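See below for the structure under consideration.
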2 protein chains.
Amino acid sequence: MSKSSTPRRRRGSARPTLTQVAEAAGVSSITVSRALNTPERVNPETRRHILATVERLGYVPNLVAGSLASASTRFIAVIVPSLANAVFIEVIQGLQETFEDAGYQILLGNTDYDLDREAQLVRTFLGWSCSALVTAGLRHSSACRSLLQQWDHPIMEMMELGEALDLNVGLDHTAAGRCMTHHLLSRGYRQIVYVGARMAEDYRAGMRYAGHREVLEDAELAAPLLDLARLGSLELGALALDQVLATHPRADAIHFANDDLATGALLHAQRLGIGVPKDIAIAGFNGLPLGQQVTPRLTTIRSPRQRMGQLAAEQLLARLAGEPVTLRQDVGFTLLPGDSS
Amino acid sequence: MSKSSTPRRRRGSARPTLTQVAEAAGVSSITVSRALNTPERVNPETRRHILATVERLGYVPNLVAGSLASASTRFIAVIVPSLANAVFIEVIQGLQETFEDAGYQILLGNTDYDLDREAQLVRTFLGWSCSALVTAGLRHSSACRSLLQQWDHPIMEMMELGEALDLNVGLDHTAAGRCMTHHLLSRGYRQIVYVGARMAEDYRAGMRYAGHREVLEDAELAAPLLDLARLGSLELGALALDQVLATHPRADAIHFANDDLATGALLHAQRLGIGVPKDIAIAGFNGLPLGQQVTPRLTTIRSPRQRMGQLAAEQLLARLAGEPVTLRQDVGFTLLPGDSS
DNA sequence: ATGAAAGCGCTAACAC
DNA sequence: GTGTTAGCGCTTTCAT
């Protein structure tokens, strides 16, 4: 049988295509494409007629087809370890604002602090031909690392500073840990317990502990550590306070890995009638609004989170536009001395 | 290889293609495709050889091409009005967990409470041939509505209940407003000020106010309203308290549109030495952990947020699998009487 | 169990 | 300024 007589048809969607718009408008499909993507290259009158036809048919461009043809998706892959932490939400907000204005769409992935999950997400995102990839942290599985190294698009590693694959925006967590502990020592505290949550996975909290410990060792003081098995939260901070009071009755201060834990402990102390900082001092990390609204105001370190997202986005956009970029950018941190220490 | 003398070449990416894997493995490209997508339909030995070749070449499937050919992306569009509100984060978490397990990728859009922005996001997401779309709320611009009506994929409208385009999961906000105000009346409060933020846009807060007002009118009481111009936050709650104290000196209770505002006011009262509920009672909405940790514990209404996300995802997956679904699902709410009222 | 051919809907490349 | 042609990398359809 002759194939020409019965052309093989695939199940197409009901949506009109560029070609159908072109036919209806009496022009070629490329002209419709230009009218939509580079209107200045089309005769104003033709353009108006085409846009009217687009409107009339309810044409919505198939971005998948366009991406395949142009080998570009305008997707930005963003990989974070958790959505339960306000810090990453603020970073995502910073990224989203800047990228959406530039016409990029964010593809969000959540690793739950699992490096294998990260590798899997990276595979998927590379498969979508993303324009760039943003990930939290410098530590990756070897599979993930080799995937990223072979990739020929911009990569931004955020949150911490160090040996990066490509671009890097972050802060020095060890220095932040040192800074806070110096502060606590200057206030006269000597029995300081460090409390973190899942620190094997949240290794940046581990880096802050390392800085903390360094300072205490220089002062010839012990650096007891409590590493909780669940993810940080207000509730967990309350539990942690109980635990520290039970196991370290002589402790005069607690250095928490983040503000959620610290604020949870602070509010719990309030319920228990324990004086902060009279009976025990409390410090956190992040500078979330919450800690600044409680009484006593939480002593903490502010990291420029939304700014970090913005900066990451700006650097990536510059790189995508072929402009010069700063490979490594330290966004710093600020000690916020409160009344809880 | 023996095509025309100078075949026109496009700039292809450096990545190996399915065809190249096929050539290297000595099979046809469709066999490689099957080995990856439907392994059970390929001879085990052939499959092993192909997978080894895939590994050796570092092949990563081009999902854009696959999606164009199969007319399916496994994308789920998720549109929320804000990322600054913990409520939407929890809903997104619920959606993400369920959908990622089922092999879907979420495409996140943020409208900033702007219906035109929503319409624009919907256009983009339809262009990506998403498998389904989730959006917060039942109100849309007419442009958005007609786009969605023409679309032939599942749509889930979340958060509130009512006349939906397709699927609907949510709760009755007017009833929630009534519930809280009944509670406040039963506690003896009579001069109750309602405080919301950007209620023209956050119209669900407006629905709760309507319920609140209804109950007060039945009791022949006034229902003064303070509608703040900025987005809800702890800081704004503090400001709101000042403002209510100044403009409604005889108020004995404040019914806040959400927990962020309420908790901000509560913490501010603490700073000012104003007794809660002795001098003024405070109530919120959402049941966020924060409100449950402060002293006095916040009186609020808990909405099943993460559950709402999960349920939305489950219903959509069922619909995508051609299974029967519940078109409208009321997830309800629970009054959490605290010590702040 | 495997393959050949066609085509998804669009844009890049090259005319005129 | 507009059109022609080829092709992006994959999956569907049909054949063996």
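Order of the sequence lines sets the chain letters (A, B, ...), proteins ahead of strands, with each chain counted from 1. These numbers come from a predicted model, not from an experiment.
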**Aromatic centroids of A/Trp151 and A/Phe125 separated by under 6.0 Å** = no
**Prompt:** Hey, can you pull the residues of residues 28-39 of chain A with a non-hydrogen atom under 4.0 angstrom from DNA chain D?
**Reply:** A/Ser28, A/Ile30, A/Thr31, A/Arg34
Within a reach of under 6.0 Å around [atom1] of [X], are more than 12 heavy atoms found that belong to other residues, nucleotides or ligands?
X        : atom1 : result
A/Glu45  : CD    : no
A/Gln149 : CD    : yes
B/Glu323 : CD    : yes
A/Glu55  : CD    : no

**Asked** When all nucleic acid strands are considered with a 4.0 Å heavy-atom cut-off, which category describes B/Val27: base, sugar-phosphate, or nothing?
**Response**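 Sugar-phosphate, no base atom in range.
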**Request:** Indicate, with a heavy-atom threshold strictly under 4.0 Å, whether B/Val42 touches base, sugar-phosphate, or nothing.
**Result:**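 The answer is sugar-phosphate, as B/Val42 gets under 4.0 Å only of primed atoms, P, OP1 or OP2.
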**Item:** OP1 or OP2 of D/dT2 under 4.0 Å from side-chain N/O of A/Thr46
**Value:** yes
**Request:** Using a cut-off of strictly less than 4.0 Å, decide whether A/Tyr59 has a side-chain nitrogen or oxygen near OP1 or OP2 of C/dG9.
**Result:** no
**Asked** Nearest-Å distance, CG (A/Leu18) to C1' (D/dG3)?
**Response**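 Checked: the CG to C1' distance equals 14 Å.
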**Asked** What's the CZ-C1' distance between A/Arg15 and C/dG9, to the nearest Å?
**Response**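 For the pair A/Arg15 CZ and C/dG9 C1', the rounded distance is 10 Å.
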**Item:** Flag for B/Ser141-B/Glu118: side-chain donor and acceptor within less than 3.5 Å
**Value:** no
**Request:** Find which nucleotide of DNA chain C each of B/Arg41 and B/Ala65 is nearest to by heavy atoms, and output the residue with the more 5' nucleotide.
**Result:**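 Nearer the 5' end of the strand: B/Arg41.
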**Request:** Compare the minimum distances between each of D/dG1, C/dG9, C/dA12 and the side chain of A/Ser70, then state the nucleotide with the smallest one.
**Result:** C/dA12
